[in-house]
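The block underneath contains the structure these notes are about, expressed in structure tokens.
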Amino acid sequence: MESNNDEPRRLDGRTVSGLQQALREQAIRAMNRGGRSHHGRGGGRHRGRPPGLRGREIGMFYRQRAMEREQQEELESFVLLQPEIIVKVQKMLSEYDSASTSTFRSEFENYFKSIRSTSFEQNMKEKLLESCVEQDDRLDEKMMIEYDEMMDNLKFQENMITREKLPVNTKKEEILNAIASNQVVLISGDTGCGKTTQVPQYVLDSYLSSGKASLCKIFCTQPRRISAITVAERVAWERAQHLGESVGYQIRLQSVLPHERGSITYCTTGILLKRLESDPLLNGISHIFLDEVHERDVNTDVVMGLLKEIISHRPDLKVILMSATFNTSTFSAYFNNCTNIEVQGTLFPVTEFYLEDVLEETKFANFPEEVQRKRPKWEKYRNKYKQSDSLDDYTSFIEPYARSVQDKYSKFVIEGIKNPNSEKINVDLLTALIFHISFNKPAGAILVFLPGYEAISKLHTSITNSKFYSAEKFKVYALHSMMPTADQKSVFSRPPENVRKVIISTNIAETSITIDDVVYVINSGKSKMTNYNPETKLQTLEEVWTTLANNKQRRGRAGRVQPGICYHLFTRAREFTMDALPTPEILRTRLESVILNLKMLRIHDVAQFLRKLVSVPDDSVVQTSIALLKRLNALDEREFITPLGLHLARLPIDPQIGKMILLAALFKCVDPITSVAANLSFKDPFYRPLGKEKLVDDIRVKFSKDTKSDHLMAANVITEYREEKRKGNERSFCYDNFLSISTLNQLEKMKGQFTDLLMEARFLESSDPTDPKNNYNSSNLDLLRSIISAGLYPNVAKVRRVKICKRRVDPRMDIITPEDGRVSFHPSSINSKQTGFEYKFFAYFMKQKSTAIYLFDTTMINPRALLIFGDGEGAGFDQLGNHFILLGDSFRFRTNRVSAEVILKLREKFDELLQKKAINPGPVDPESEDALLLGAITEVLNAGRFSGHPDYSSDEGNVM
DNA sequence: CTCTCCCTT
């Protein structure tokens, strides 16, 4: 350890130890004053400016120096352990040092070694020998009889009349022939053509009727849980059966499985991917349907890449890709130019209008002044102005188009579209158009697509405040994943006659929520999309123009019951510039989980595999993700999966959160931490109904109970929910607190799944998250914080200042991370409402840049926990001879030699313990040396709690 | 001073 080097150095004529002593005293005095400490900032001799500077240069010099100083101070903190703790912990550690090392638990070793040493190819070859499907004559006969019975069923026959009218039915024979004579077939057709419900049935029925049902086991993947269920229900209904006979579904934590053979299972793509981990050849499955491949979600892209390899080892496996009708050549080309059968026909025709038509029809001419304010120079440094096009650009873009249509439209329309503000979302225009339709067009619901919460909120207010609005004549719904309406049935119900239903929605209504009675669609042409910037390593959420594919999908939502109308609120000129398709998700996201899961499949050269996907992610993103996995110790230097990595890969959760629940098992605080993990990996149980934002924020703060933690707030919510449920009170509890029952139930189920898996991996002895055996430390708040930070590490931020403003409700905060500089708590985080903190450090999971870099969920952390559970290049002396200890690449803590020694030793030993536990999983025996180590860690953490003892508390400094 | 969306035997 560097700090062991006690070689005295001379600095300004003082000995190192003397200077240290002086600095320490100065630091302690500063802390006693309760202010921000300015300890150890060079002596007066160094303050002078270089000679020869003049005028402005002098100012620049001081400004520069102040900035540098501030920057260093931002990242520097102070930590000292109490002497009595040091003695105690050193004693514990010396006993621990003599302890024996651990060996592999044998069954785990075999499994681990097979994963590291075999390849994906080899594994498939081995699995091929294990099983093959054999025809079962008796089963075939039994199922043929059942099939005949089904065909005689009147209900089945009645349903068949409707089924035969579906467009896909015209291609039934062609499809069956293509599947029979090709291993891979692409079927394309638009919404409503019937491909999802019918094609798997065509295949199944052909096997049933030819007496080969035992050779048919169909899986059909869906990108969404809901569609897997609803499609399965629909298909069972068409067959006049119940779910669980020839049709079933499987989604996470919920399934109704059909008969083992001669059946169709609708499942999510994630389920198939998980199954591939243990069953890479999909043994027993005869047909895989991949539905909605055009959506290009990560899972579908990865499954396509895997299937491409699998089919050569499974010549009897049939793969059927199903897609909308755009971009089909991409998929066909990907599978060696496979046959593409295109199904013509869809729902009802939809007439399209564009902004210029809408202006003409509504006579709307009221766009804001077109002249853009000449910007002061400094504004170009502010993000929000950066991406807006200049007026000149817009003019040269719209002029040619405006000229080409000037004879077809009124002058005010041409002037309107020449105004660049006509491309911004205009609530007045939207409101005018909605009332125009309502009062002048035949009955039918109106669906408005807007980018996000803010626009929905504004339009909702504008409509309901309008003089044309009345509650008797209108039923207005806002649809957003965070609003209760998205979970309720009311939005589907048809309103009484003469009542106009208006739905204002995000793109949730593009695919996830289908409202049948929509006849009018208003497409703002905007949507929000996350992106990942490999250079800044930041996830962003940006408002973007929709693509032609989005427009088509939105348009189609108007034609489900009758011919419809779609109003696009952009010009035909703008449409011409729009992209054909959205960027595939795999190009917009981080890849840690994908990579770890590929490693589980024994694909060692992940980068090479990813290069074979339909869309190849940027290599720098792959490398960044691998680097993080190495840092988490999930991969070793040669990028092989480690024992820890293997445990993390088996958990259905991000590796960082997986690490958190493994630690919770070791530290016996399973209930709250699995709550945190479920919450982070699924979704927030709080609704945010329109107009209730402040109320919900207050309730969140109430649930946080002064923990200064969004994570523990969520854990408190789950605990209280469970308690209320026990009393039979859950409905009113959820209603009063804007909570989603279905989300809370799913979170509870996920917790159970985590503990099941932890027990299976032998980290726990009880699979009940609430079992006292799993929760000896669950009320130790500081420990809970530490486990959260250990999991989320290296996601650390530091609050430098909290300033209470008279004019604002929430205080202003000065927060930084080493990678990003200035960041902010997201306004929905309970910590954005706090007026002071006991510690300056915060762990976060989600960081996203929109109008600022926001941390969405944060927990205040004892910096000692970060030092023990984090990483860094150790410790040493700075130029002034002060001891310091490093956290990560940038944070630096001033300390003394013994404190540094103890902390680094704990860090090292804890890493060892985790690795030891990974190869020999098991709970920590309270009598063992491991318990001694955990005890020592707990000791240091507890002693570091803010205790009103400023001499020895760590760098909490009571940020105010 | 704010919240596209989806998912894991």
Side-chain angles (χ1 to χ4, degrees), chain A residues 219 221-228 250-255 257 265 267-279 282 292 295-300 302-303 449-457 479-483 486 505-513 526-531 539-544 546 550 582 585 588-589 593-594 596-597 600 649-654 657-658 678 681-684 686-690 693-694 696-697 746 750 753-754 756-757 760 805 807-813 824-829 832-833 846 848 850-852 854-856:
Chain A
F219 266 63
T221 71
Q222 295 295 315
R224 284 166 292 283
R225 294 156 53 84
I226 293 285
S227 37
Q250 188 181 6
I251 61 176
R252 183 180 188 179
L253 299 169
Q254 192 181 329
S255 66
L257 298 181
T265 306
C267 69
T268 47
T269 322
I271 293 280
L272 183 69
L273 208 47
K274 212 58 181 153
R275 179 180 178 136
L276 283 167
E277 278 176 16
S278 62
D279 180 15
L282 299 168
E292 317 280 16
E295 287 188 21
R296 302 300 308 278
D297 62 281
V298 173
N299 285 347
T300 307
V302 172
V303 167
F449 283 104
L450 293 178
Y453 194 100
E454 189 190 0
I456 291 173
S457 178
L479 220 47
H480 185 288
S481 69
M482 288 186 306
M483 294 176 188
S505 175
T506 61
N507 51 20
I508 196 169
E510 228 176 83
T511 51
S512 308
I513 295 178
K526 302 277 172 65
S527 67
K528 288 199 177 184
M529 179 134 73
T530 54
N531 222 323
Q539 180 180 304
T540 58
L541 180 67
E542 290 156 285
E543 188 177 301
V544 292
T546 50
N550 295 125
E585 191 188 7
R588 299 185 284 112
T589 183
S593 290
V594 170
L596 202 53
N597 291 336
M600 275 290 281
R650 293 173 79 178
L651 294 167
I653 203 170
D654 277 297
I657 307 174
S681 76
F682 186 50
K683 63 175 176 181
D684 200 284
F686 284 97
Y687 287 126
R688 297 186 80 77
L690 283 182
E693 295 90 336
K694 290 284 166 281
V696 177
D697 283 346
Q746 180 72 0
M750 288 171 63
Q753 187 187 26
F754 296 152
D756 283 346
L757 291 166
E760 205 175 280
C805 300
R807 294 207 316 218
R808 296 165 79 235
V809 185
D810 298 332
R812 245 181 232 288
M813 298 194 198
S824 309
F825 290 142
H826 191 270
S828 64
S829 163
S832 70
K833 325 273 172 214
M846 173 136 112
Q848 185 172 263
S850 53
T851 52
Y854 285 112
L855 311 181
F856 278 65

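As a basis for the values below, the full set of heavy atoms in this structure was taken, side chains included, without hydrogen atoms, waters or symmetry mates. Numbers restart at 1 for each chain; the letters A, B, ... are given by sequence-line order, proteins then strands.
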**Q.** Touch class at under 4.0 angstrom, heavy-atom based, for A/L541 against every strand present
**A.** base
Q. Looking for any heavy atom pair under 4.0 Å, which part of the strands does A/D810 touch: base, sugar-phosphate only, or nothing?
A. base
Q: Please work out if A/I653 contacts a base, only the sugar-phosphate, or nothing of the nucleic acid, heavy-atom cut-off 4.0 Å.
A: base
Q. Hey, is A/K274 close enough to A/E277 for a salt bridge, meaning N to O under 4.0 Å?
A. yes
Q) Can you tell me if A/Y453 uses its side chain to pair, donor with acceptor, with the backbone of A/R688 under 3.5 Å? A) yes
Q) Do the numbers put A/R275 on top of the ring of A/F219, so that NZ or CZ is under 6.0 Å from the six-membered ring centre and no more than 45° off the axis? A) yes
Q: Would you indicate what A/E295 reaches in the nucleic acid, counting non-hydrogen atoms under 4.0 angstrom: base, sugar-phosphate, or nothing?
A: nothing
Q) Can any side-chain N or O of A/E585 pair as donor or acceptor with the backbone N or O of A/V298 at less than 3.5 Å? A) yes
Q) Which part of the nucleic acid, if any, lies within reach of A/R224 when heavy atoms closer than 4.0 Å are counted: base, sugar-phosphate only, or nothing? A) sugar-phosphate
Q: Tell me what A/F856 touches on the nucleic acid: a base, only sugar-phosphate, or nothing, going by heavy atoms under 4.0 Å.
A: nothing
Q: Under 4.0 Å from any heavy atom of chain A: name the first and the last nucleotide of DNA chain B that qualifies, 5' to 3'.
A: B/dC1 to B/dT9
Q: Compare all side-chain heavy atoms of A/S512 with those of A/R224 and state whether any distance is below 4.5 angstrom.
A: yes
Q. If you look at every strand shown and take non-hydrogen atoms under 4.0 Å, does A/K694 touch a base, only sugar-phosphate, or nothing?
A. base
(Q) Quick one: does any side-chain atom of A/T506 pair with a main-chain N or O of A/I508 as donor and acceptor, under 3.5 Å? (A) yes
Q: Identify whether any heavy atom of A/E693 sits under 4.0 Å from a base atom; if not, whether one sits that close to sugar-phosphate; answer base, sugar-phosphate or nothing.
A: base
Q.
Quick check on DNA chain B: between A/D279 and A/R588, whose nearest nucleotide comes earlier from the 5' end?
A. A/R588
Q. If only atom types and distance count, is the side chain of A/S832 paired as donor or acceptor with the main-chain N or O of A/P827 below 3.5 Å?
A. yes
Q: Report which part of the nucleic acid A/S512 touches: base, sugar-phosphate, or nothing (heavy-atom distance under 4.0 Å, all strands).
A: sugar-phosphate
Q. For A/S278, which contact category applies under a 4.0 Å heavy-atom criterion: base, sugar-phosphate, or nothing?
A. base
Q: Determine the contact category for A/T530: base if any of its heavy atoms lies under 4.0 Å from a base atom, sugar-phosphate if only primed atoms, P, OP1 or OP2 are that close, otherwise nothing.
A: base
Q: Select from A/N597 and A/K528 the residue whose nearest nucleotide in DNA chain B is closer to the 5' end of that strand.
A: A/K528
